[in-house]
There are 2 protein chains.
Amino acid sequence: MIDWARLPSLSSLRAFCAFVQTGSVVEAGVALNVSHAAISQQLRSLEAHLGAPLFDRSSRALELTADGRELARALDDGFGRIATGVEALANADAQRPLNVGCTPTFASAWLMPRLAGFQVEHPGIDMIVTPSPILTDPSPGGIDVAIRFGNGGWAGLECERLLASPIVVVGAPSLFKGNTPSEPRDLVTYPWLEELGTTESSTWLAAHGLANEKVLSRTHVPGNLMLDGARNGQGVAVSTRIAVAEDLAVGRLIAVFEDRLDAGYNLVTRPGVQRAPLKAFLRWIRREAAKT
Amino acid sequence: MIDWARLPSLSSLRAFCAFVQTGSVVEAGVALNVSHAAISQQLRSLEAHLGAPLFDRSSRALELTADGRELARALDDGFGRIATGVEALANADAQRPLNVGCTPTFASAWLMPRLAGFQVEHPGIDMIVTPSPILTDPSPGGIDVAIRFGNGGWAGLECERLLASPIVVVGAPSLFKGNTPSEPRDLVTYPWLEELGTTESSTWLAAHGLANEKVLSRTHVPGNLMLDGARNGQGVAVSTRIAVAEDLAVGRLIAVFEDRLDAGYNLVTRPGVQRAPLKAFLRWIRREAAKT
DNA sequence: TCAATCATGTAAATTCACCTTACACATTAG
DNA sequence: CTAATGTGTAAGGTGAATTTACATGATTGA
């Protein structure tokens, strides 16, 4: 264990190290971006603290004493190791891929089509998109940012609205055969599709006073298949307007109900420091969202 | 060459290192003798500077991330090396013997008899006394302090009056046979003794208007033998009152002339920092001189 | 040999990084 | 549940470090 109290001020050690490396008080000042006077005083205070002369001041140019050279070696080693460690961290940090968590639906409908643009802008940053229907929290070394649907309120996380998007219930035109449901209750006569691990359909039904109704059928499918199924007319699905925007536009799906709630997709991050790649991604995705 | 601009503040690195070693913010504060809040802020600023999360703050006790552990290793190594270097220097410095330069006469007459007292007070400090008739300057790694006769004015050195002492011309009673000289001129009829390498006799004669007088004889002897010769009645010698005090007191020598000049012995040191053993010696010798 | 230049030293004023204080809040233990 | 413990944050204070301005002494070149 290091006895910090016995160490001289780190500034003075740094000044000494810089002086040794540059060979002059003036240049050491340049290296540390301070005036030569600052260096001069630090060197003096270092000598005073150690109680040993480090320089032979008999000529104009300072020369190291034997003691001084010994200390110089130690400092060069020590600070060198520290600098290396810090650099390594900065690099490792920049290179670890950026991990984005979101729902499979959002990933395929909104994120993936745009992601190429980000990678063109930031060729150095590798990415992992982790689609998962369940809420996975950002964690150090894991997910950097999650894109979640909802209206915030996740404890211990920072949340920022990315895109407002109403919840919609969709189905293929072939499913309704021109007989579009007009009441939520009408939907219980249709088969339902639901993402594995979620209960969005129940939640939606409950929100519309149909908590105890039994629907025709419920099919749980892996996330990315839910909308595929809906497009094929296999049932109705609860989704978000954003996720099905394209399908609605080309008429592949019909939105039979749309909730005007203050909900949407959010950027969810850990509070505190954000590493550089994450910051770049957040800047980019905010801009993309604003384009919509 | 280290790129100092890229390094985070050394204080924050130190705080992080202390935190790792102690395992808690509070204890790190204790180790560095600051408040826990100071540590907390430093850690935060370090994370911000590096742009990488170093801690998992999900529970109360901070836990290091993988990045954090890596940095911790680097810092522990680096600061460890630095601390070792500094310690080594402090020790080496304290152990190198203290080197005192003075004239042989002063050494044997004044310094050596008292030196035992110093070594009793400071058993850890080894000493070298380097008697030399010529002026040897204090230098790093060499003489720590010189004790010189004169009245100052040595360029580039610090000078402090230790003992006032007139110059005296002495001879053995047997030499004068009761016929003590009363005029400086009378002395040219006696044989002279002089320290090897010095010209004190000529200086003294010149100072008394006898520059061109030829004396009976001049014998140059190694320093410590000059007074021995004088005691044996082999001639007159120029010395200082201090150096012959004992001889005068017991009547072994007679001071035939005494100059009342502002001269005496001085402590001559290099300006700047003084290592611990030197400081102790200076304190001691000032006290000894004051006793006289 | 003399000024001109260059490198370092010093003093005093200033600034800003760092610290303390004080309070808040969360977690763990009893 | 309350108390004890550990960390976070804000605001304000302080001193270490820095700058500025000038001095000194060495070196260089005319």
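- From one end of the helix from C:dT1-D:dA30 to C:dG30-D:dC1 to the other, with five pairs defining each end axis, the axis direction shifts by 30° (rounded to 10°).
- A close approach under 4.0 Å does not occur between any side-chain nitrogen or oxygen of A:Ser35 and OP1 or OP2 of D:dT18.
- Residue pairs meeting the side-chain hydrogen bond (donor to acceptor under 3.5 Å, both in side chains) criterion with at least one partner in residues 65-74 of chain B, sequence neighbours excluded, are A:Arg96-B:Asp67.
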Report task. Assess whether side chain to side chain contact (heavy atoms under 4.5 Å, CB included) is satisfied between B:Leu282 and B:Thr269, documenting all intermediate values. Result -> CA-CA 10 Å; B:Leu282 294 178; B:Thr269 52; 4.3 Å; yes

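- For A:Thr203, the side chain to side chain donor-acceptor pair (under 3.5 Å) test picks out no residue, with sequence neighbours left out.
- Regarding contacts with the backbone of D:dA16, every side-chain N or O of A:Ser11 stays at 4.0 angstrom or more from both OP1 and OP2.
- Under the rule for a ring-ring contact (aromatic ring centres under 6.0 Å, His included), the partners of B:Phe281 that lie at least two apart in sequence or sit in another chain are B:Phe118, B:Trp284.
- We find that CG of A:Leu157 is positioned 16 Å from C1' of C:dA26, with the value rounded to whole Å.
- Side-chain contact of A:Thr105 with A:Glu195: a donor-acceptor pair under 3.5 Å is present, judged by distance alone.
- B:Leu62 CG to B:Ser40 OG: the interatomic distance, rounded to the nearest 0.5 Å, is 8.0 Å.
- Note on A:Ser45: every side-chain N or O is 4.0 Å or more away from OP1 and OP2 of D:dA17.
- A donor N or O paired with an acceptor N or O is found under 3.5 Å between the base of C:dT20 and the side-chain atoms of B:Gln41.
- Taking atom CD of A:Gln42 as the reference point, atom P of C:dT10 lies 15 Å away to the nearest angstrom.
- The stretch residues 41-69 of chain B participates, sequence neighbours left out, in these ring pair (Phe, Tyr, Trp, His ring centres under 6.0 Å) pairs: B:Phe16-B:Phe55, B:Phe19-B:Phe55.
- B:Asn99 places no side-chain N or O within 3.5 Å of a backbone atom of B:Pro97 that could act as its donor or acceptor partner.
- In this structure, CD of A:Glu47 is placed 14 Å from P of C:dT8, rounded to the nearest angstrom.
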N/O-N/O pairs, protein side and nucleotides 6-8 of chain D side, under 3.5 Å:
unit_1: D:dG6; atom_1: O4'; unit_2: B:Arg60; atom_2: NH1; d: 3.2
unit_1: D:dT7; atom_1: OP2; unit_2: B:Val25; atom_2: N; d: 3.3
unit_1: D:dT7; atom_1: OP2; unit_2: B:Val26; atom_2: N; d: 3.3
unit_1: D:dG8; atom_1: OP1; unit_2: B:Arg57; atom_2: NE; d: 2.6
unit_1: D:dG8; atom_1: OP2; unit_2: B:Ser40; atom_2: OG; d: 3.1

